[in-house]
Amino acid sequence: MIRQLGVSSSTLCAHPVMRRILLDAYPAARMWDGPRIKDEDILIYHLKGCDAAIIGFEPVTDRVLDALPELKIISKFGAGCETFDFDAMQRHGTRFGYSFGVNKLSVAELTLSFMINALRWITPLNQSMRAGERPMNRNGRLLTGRTIGIHGCGNIGKEVVRLLKPFGCTIIACDVKDYADFYRANDVTPVSFDELLERSEVLTL
């Protein structure tokens, strides 16, 4: 059972709905109300005495774990674990929780919107209009039928493939992992990185 939860993720703490949900579940949770913590000493101060923590991009280092012997469970909020020293966590017996792919739909939808935005010149035309200019008509290009290159076809990349299906695109992908079954089921062609760059009309990373 968690005795004291510390939340250092500034993004989570600043979001009123997520904050309320968390405090409803853990009324005594220690929330961080400042800017993102980049300093080890500040993180140690905030999490002192906590046996569980929800971390964003704060530095979970050997020194931090040494100073927080009570901290036994860490949950990661957000994508990316670059600030975690997993070897140190293993040495300290600190358990780690992270649900991969929870943001895949939101990121994939945003990716699709960027594709259409770029092909249709939405941003430059919007900026031009806001500057009081009268830009010449630029119809842009269709997403339908384009060759789309996906560099990294994991959780998000697979969701992008799914969202692109109605557009009838040719989809090529490059990944360090082999997703052969997924590629076959979704008509995706695996290619080398060089071929990905050469053939893609739209490239998403």
inquiry  = Please determine whether side-chain hydrogen bond (donor to acceptor under 3.5 Å, both in side chains) holds for the pair Lys165 and Asn186, giving the CA-CA distance in whole Å, both sets of side-chain angles, and the decisive distance to 0.1 Å.
reply    = CA-CA 9 Å; Lys165 284 185 178 181; Asn186 293 277; 2.7 Å; yes

query = Is a side-chain N or O of Asp51 found less than 3.5 angstrom from the main chain of Gln4, in a donor-acceptor match?
reply =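 Side chain of Asp51 to backbone of Gln4: a pair is present.
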
ask   = Within 45° of the ring axis of Phe57 and under 6.0 Å from its six-membered ring centre, is that where the NZ or CZ of Lys38 lies?
value =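 No; the conditions do not both hold, so Lys38 does not lie above the ring face of Phe57.
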
request  = Could you go through the side-chain hydrogen bond (donor to acceptor under 3.5 Å, both in side chains) check for Thr61 and Asp85 one step at a time?
outcome  = CA-CA 5 Å; Thr61 64; Asp85 184 339; over 6 Å; no

ask   = Does Phe86 have any ring-ring contact (aromatic ring centres under 6.0 Å, His included) partners at least two apart in sequence or in another chain, and if so, which?
value =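 Expected list: Phe84, Phe96.
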
key: Min side-chain heavy-atom separation Phe77-Met18 under 4.5 Å   =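 Yes, side chains in contact.
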
query = Can you find a heavy atom in the side chain of Leu143 that is under 4.5 Å from one in the side chain of Leu164?
reply =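 Leu143 reaches Leu164 side chain to side chain.
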
inquiry  = Assess whether a salt bridge exists between Asp41 and Arg63, defined as any Lys/Arg side-chain N lying under 4.0 Å from an Asp/Glu carboxylate O.
reply    =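 Between Arg63 and Asp41 there is a salt bridge, with a charged N closer than 4.0 Å to a carboxylate O.
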
request  = Mind running salt bridge (Lys or Arg N to Asp or Glu O under 4.0 Å) on Arg91 and Asp87 for me, showing each step along the way?
outcome  = CA-CA 6 Å; Arg91 285 194 303 272; Asp87 290 334; 5.4 Å; no

Distance-only side-chain donor-acceptor flag, Asp175 / His151, under 3.5 Å =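 The criterion, which ignores hydrogens and geometry beyond distance, is not satisfied for His151 and Asp175.
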
request  = Going by the side chain to side chain contact (heavy atoms under 4.5 Å, CB included) test, name the single residue among Leu112, Leu142, Ile148 that passes it with Phe167.
outcome  =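 Among Leu112, Leu142, Ile148, the one that satisfies the side chain to side chain contact (heavy atoms under 4.5 Å, CB included) with Phe167 is Leu112.
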
request  = Measure the CD-CG distance between Glu198 and Leu203 for me, rounded to the nearest 0.5 Å.
outcome  =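 Going from CD on Glu198 over to CG on Leu203, the span is 13.0 Å.
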
